[in-house]
Protein chains: 2
Amino acid sequence: MGTTQLESVPEPKYWHLKTVLSEALDSEFSVGEILPNERDLAARFGVARATLRQALEQLELEGRLQRRRGVGTTVAPPRVGVAVGGSEQHDWPGATGDTWQPVDCTLEVPPAAVAAALETGADRPVHTLRRSRTSNGQPVAAELLYVAEASVPDLSAIDAPSGAARARAVLRELQRLELEGRENAVELGSARADDAKELDRLPGAPVLVVTTRYFAGGRVAAISVATYRADTCRLTFGDSGGVEIHQGPERKAS
Amino acid sequence: MGTTQLESVPEPKYWHLKTVLSEALDSEFSVGEILPNERDLAARFGVARATLRQALEQLELEGRLQRRRGVGTTVAPPRVGVAVGGSEQHDWPGATGDTWQPVDCTLEVPPAAVAAALETGADRPVHTLRRSRTSNGQPVAAELLYVAEASVPDLSAIDAPSGAARARAVLRELQRLELEGRENAVELGSARADDAKELDRLPGAPVLVVTTRYFAGGRVAAISVATYRADTCRLTFGDSGGVEIHQGPERKAS
DNA sequence: AAGTGGTCTAGACCACTCA
DNA sequence: GAGTGGTCTAGACCACTTA
């Protein structure tokens, strides 16, 4: 027939909008600069605010923008490379050079999946450490580290019932075991309320969840569940977080 | 004053909704089961459809749900563990046992960031391979593999100008180099139109982008940019993708 | 108090799948 | 063609930051 299908797959508005904004960010904005507010931007592009927000959400997901309630939308700096299983691949958490900051430590019954992997009983409490990690002064990750009681038997005599001091004591005891290996897994998740608070994000924000199993004595001696801000972090599994590589056009370094 | 702040931080509706749905998924649904449609669900919970969708979106992001236009919303199976830098840590792509399927190969000018890392000139074409990876019959990842021309000098005599045959030829030549090391980085992204098509998702779907640099001869000989479906994949950087570990309650295995 | 992004509504129409 | 999820609108109010 004579019907020429010129635009058989019309691009959604928010998708086109995202492309336009992305190019504008490359050419007309520099890092840290604040964008016009959402109502103005929507009007300028002739779309509803919800549609504009859909585009902004994607750009934020890709680490191009940073939005803060009550403040505004700013151009985000390039993602920081964060070493996760680097040269210290075969060290326990808390070894010298570890970039994590112990926050707290309690004895709690862990989630069922953790108990199963640790091969403790389903209702047995384990040492539950909270640690946090910062980069350039910004919080980038929050961790829950589960250590089986059997892994650090000589602990009880020493220490405080909880708090950072106790956390350090548990980590110190861990170093005495011979680490036979570790295994990382990365998946996408959304921040629980407590992690969100620590990461300075809203609950539900996208995060990269890194689960690490530490092997010693033929068993899983400890499990770490680390929650990284997906918008600001690039996780590196190698020697360095050096060179910047990503798809799409170069970003202005400002 | 006498004002007791009982609910100083009221939970957003979609957040509460997500929790409720999540628990319902755990207790009342099994993998593959289809949920009521969005209009019905919204009515049942007494919220607007947009609000319900916000909850569903998060659950899909967490890999709990799968939504397909024209079909419906179903309960997703647990994420599959996909080995990314496992025991074959020190093999080239295309080595025996590689799980990737070569699709195509052309000679193209790469994105600027890739050219910079490969230390080819900014306008020099490089071998650009497309590969895809499936797991249990489902596509899980699409890859662009950039190989500097200098890395495979003996190629020209042999082969086809493009296509899977040429891709295999390039990979064959790569094996002859001594691989000195490789380095992975993982970050969150959204699927470009071409990747989305290959992954059977809509453009903009959340993906985990794994960038790998291959070192040989003191240089970066090749760069791989692999795009994994974030909803269905858990990337493992260790020996196996065995045990299932995640936060929150257990899922019914159906 | 003013201005920002975050949540929510009640509609409409479109693109897609499948019987 | 009926039913699904995907896009879009034009409003409203809320929570938060900053001055």
Side-chain angles (χ1 to χ4, degrees), chain A residues 5 7-19 21 33-61 64-76 190-191 193 196-197 200-206 231, chain B residues 5 7-19 21 33-61 64-76 190-191 193 196-197 200-206 231:
Chain A
Q5 274 189 294
E7 277 300 339
S8 70
V9 182
E11 216 170 34
K13 276 191 190 177
Y14 80 90
W15 184 260
H16 180 242
L17 205 49
K18 181 193 137 184
T19 309
L21 284 169
E33 201 166 333
I34 68 175
L35 270 61
N37 70 54
E38 296 183 349
R39 291 162 179 86
D40 284 356
L41 274 180
R44 184 175 313 188
F45 287 105
V47 300
R49 190 174 155 224
T51 304
L52 174 83
R53 277 179 62 81
Q54 217 173 336
L56 294 185
E57 261 151 38
Q58 284 228 355
L59 289 170
E60 192 180 26
L61 196 82
R64 308 285 314 265
L65 292 179
Q66 196 155 3
R67 300 147 90 199
R68 272 175 306 169
R69 168 153 47 177
V71 180
T73 302
T74 59
V75 180
S190 47
K197 196 167 187 180
D200 193 24
R201 299 257 57 196
L202 290 178
D231 55 345
Chain B
Q5 276 189 292
E7 277 299 339
S8 70
V9 181
E11 215 170 34
K13 277 191 191 177
Y14 78 91
W15 184 259
H16 180 241
L17 205 48
K18 181 193 137 182
T19 310
L21 284 169
E33 201 168 341
I34 68 176
L35 269 61
N37 72 54
E38 296 183 350
R39 290 160 179 89
D40 284 355
L41 273 181
R44 184 174 313 187
F45 287 105
V47 299
R49 191 176 153 218
T51 304
L52 173 83
R53 278 179 61 82
Q54 217 173 336
L56 293 186
E57 260 151 38
Q58 283 228 357
L59 289 171
E60 191 180 27
L61 196 82
R64 307 286 314 267
L65 292 179
Q66 195 155 6
R67 299 146 92 200
R68 273 175 304 168
R69 168 153 48 177
V71 179
T73 302
T74 58
V75 180
S190 47
K197 195 168 187 180
D200 193 24
R201 299 258 57 195
L202 290 178
D231 55 345

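Here the structure is a predicted model, which means the values were calculated and not measured. Side chains included, hydrogens not; waters and symmetry mates left out as well; all remaining heavy atoms used.
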Quiz item: Listed in order of residue number, which residues of residues 45-56 of chain A have a non-hydrogen atom at under 4.0 Å from DNA chain C?
Solution: A/Arg49, A/Arg53

Quiz prompt | Length of the NZ-C1' vector between A/Lys13 and C/dC14, whole Å | solution = 13 Å

Practice problem: With rounding to the nearest 0.5 Å, note down the distance linking CZ in A/Arg201 to CZ in A/Arg68. | Solution: 9.5 Å

Self-check item: Nucleotide D/dT17, atom P - distance to CZ of A/Arg67 in whole Å
Solution: 16 Å

Quiz prompt | Passing candidate, side-chain contact (heavy atoms from CB on, under 4.5 Å) with B/Leu65, options B/Thr74, B/Leu21, B/Asp231, B/Leu35 | solution = B/Leu35

Quiz item: Whole Å only: how far is the CD atom of A/Glu57 from the P atom of C/dG6?
Solution: 8 Å

Exercise. Have a look at the helix from C/dA1-D/dT18 to C/dC18-D/dG1 and give the angle its two end axes make, five pairs each, rounded to 10 degrees.
Key: 20°

Quiz item: Can you name the side-chain contact (heavy atoms from CB on, under 4.5 Å) partners of A/Glu38, sequence neighbours left out?
Solution: A/Arg49, A/Leu52, A/Arg53, A/Leu56, A/Arg67

Self-check item: CG/B/Asn37: more than 12 non-hydrogen atoms of other groups inside 6.0 Å
Solution: yes

Practice problem: Please name all residues satisfying side-chain contact (heavy atoms from CB on, under 4.5 Å) with B/Gln58, sequence neighbours left out, ordered by chain then number. | Solution: A/Ser190, B/Tyr14, B/Trp15, B/Lys18, B/Glu62

Exercise. Return the minimal non-hydrogen interatomic distance between B/Arg44 and B/Pro36, and the atom names on each side.
Key: NH2-CG, 3.8 Å

Quiz item: Does a sphere of radius 6.0 Å around CG in A/Asp40 hold more than 12 heavy atoms from other residues, nucleotides or ligands, not counting ones at 6.0 Å or beyond?
Solution: yes

Self-check item: Rounded distance (nearest 0.5 Å) linking atom CG of B/Leu59 with atom OG1 of B/Thr73
Solution: 10.0 Å

Quiz item: Which whole-number value in Å describes the distance from B/Leu202 CG to C/dC16 P?
Solution: 9 Å

Exercise. Measure from CD on B/Glu11 to P on C/dC8 and round the result to the nearest Å.
Key: 10 Å

Can you check nucleotides 2-4 of chain C for protein contacts, nitrogen or oxygen pairs under 3.5 Å, and list what you find?
{"unit_1": "C/dG3", "atom_1": "N2", "unit_2": "A/Gly70", "atom_2": "O", "d": "3.2"}
{"unit_1": "C/dT4", "atom_1": "OP1", "unit_2": "A/Asn37", "atom_2": "ND2", "d": "2.8"}
{"unit_1": "C/dT4", "atom_1": "OP2", "unit_2": "A/Asn37", "atom_2": "ND2", "d": "3.1"}
{"unit_1": "C/dT4", "atom_1": "O2", "unit_2": "A/Gly70", "atom_2": "N", "d": "3.1"}

Quiz item: Between atom OH in B/Tyr14 and atom P in D/dA15, what is the gap in whole Å?
Solution: 14 Å

Quiz prompt | Whole-Å distance separating the CG atom of A/Leu41 from the P atom of C/dG6 | solution = 13 Å

Quiz prompt | Whole-Å distance separating the CD1 atom of B/Ile34 from the C1' atom of C/dC18 | solution = 13 Å

